[in-house]
Amino acid sequence: MKKFLGLLFAVGTLTLLSACATSTDKTSSSSATNNTSANNDDKLAQIKEAGVLVMGTSPDFPPFEFPDANGDVVGIDVDIANAVAEELGVELKVMQLSFDNLLPSLQAGKIDVALAGVSATEERQKSADFSTPYFTPTQKIVIQKANADTYTSVDSLDGKKVGAQKGSIQEGVAESQLPKASLVSIPSNATMLIQLKSGGLDAMVMEGAVAENYVAQNADLVVADIDLTSADDESYAVALPKNSGDLKTEIDKVIEQLIADKKIDEFVTKNTELSDQSAD
Ligand code: ARG
């Protein structure tokens, strides 16, 4: 039953993602403006003027972002964005995009911020600003429980199909740490999950908290006993348009306060419970 519901959860996520494909351009009423110019100094003023903060996210990443029982996007990142919106005195609007479209949408001015467990890598810092980091992930491999005794080392995955989310740092983790595996890039984690469960993939690379979450909801999956290493620049941060000036200052202030008040830890606990319920 749990297996079936886990799948249902995944399919629900898929439906949401495809539904959003047709509704991504509802920016007219929002503050997101074209920011092809390098100077986004007035970004904060624009958001306040519009009264709306537009957050882009890819809700296939529980407990950071996922659909709740009503199909609304909730999660740690939504809680953080709500704290930011509250501080700015504006309303939060969540726009659902595929992960690989988040940074391009930020650059195109379709969204004001991207909160999606986005790792503030050196490479990405060339095209976006990032807030103070708020969470440090680990890298894990998820496999079918039936294969737990087969996939026990990096070498055991040689020639096997290993999934990673398109545009995510997991593509790089797979390429550099599982060099003899065959990498399959998949836009949505929900699709990747279905493929792993059905045997279309042998393994998938995911971040620890998300891997644990999916495994808790899918009794047929386990986190493999294979160690992967992390780079220094994988921590999650809010992505902002380049040169966001005052907006970055305000967001950093909120995040530092949330960390100091142990609020992020609370968000993690609350949303981990919530995502288990959504899947039950
Ligand atoms: N931290 C990884 C990255 O930035 C994966 C993030 C995936 N997030 C998501 N909402 N699917 O590449």
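Bear in mind the structure is a predicted one, so any value in this text is a computation, not a measurement. Whatever order the structure lists them in is the order used to number ligands and atoms, beginning at 1. For this chain, numbers begin at 1 and follow the sequence in order.
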In short, D100 meets G167 closest at the heavy-atom pair CB-CA, 4.1 Å
Taking every heavy atom of Y151 against every heavy atom of A224, the minimum-distance pair comes out as O-CB, 4.2 Å
Practice problem: Start with the C-alpha gap between Q257 and E87, add the side-chain angles, then the distance that decides, and say whether side-chain hydrogen bond (donor to acceptor under 3.5 Å, both in side chains) holds. | Solution: CA-CA 11 Å; Q257 196 61 50; E87 173 70 25; over 6 Å; no
Between F99 and F61, is the gap from one ring center to the other below 6.0 Å? no
Q. Side-chain donor-acceptor pair under 3.5 Å between D225 and T152, yes or no?
A. no
(message) Under a 3.5 Å cutoff, is there a donor and acceptor pairing between the side chains of S168 and Q170?
(response) yes
Do any nitrogen or oxygen atoms of ligand 1 lie under 3.5 Å from a protein nitrogen or oxygen, and which ones?
unit_1, atom_1, unit_2, atom_2, d
ligand 1, 1 (N), G117, O, 2.7
ligand 1, 1 (N), S119, OG, 2.9
ligand 1, 1 (N), E207, OE1, 2.9
ligand 1, 1 (N), E207, OE2, 3.1
ligand 1, 4 (O), S119, N, 2.9
ligand 1, 4 (O), S119, OG, 3.4
ligand 1, 4 (O), R124, NH1, 2.7
ligand 1, 8 (N), A116, O, 2.7
ligand 1, 10 (N), S58, O, 3.0
ligand 1, 10 (N), E65, OE2, 3.1
ligand 1, 10 (N), A116, O, 3.3
ligand 1, 11 (N), D60, OD1, 2.9
ligand 1, 11 (N), Q165, OE1, 2.8
ligand 1, 12 (O), R124, NH1, 3.4
ligand 1, 12 (O), R124, NH2, 2.9
ligand 1, 12 (O), I169, N, 2.7

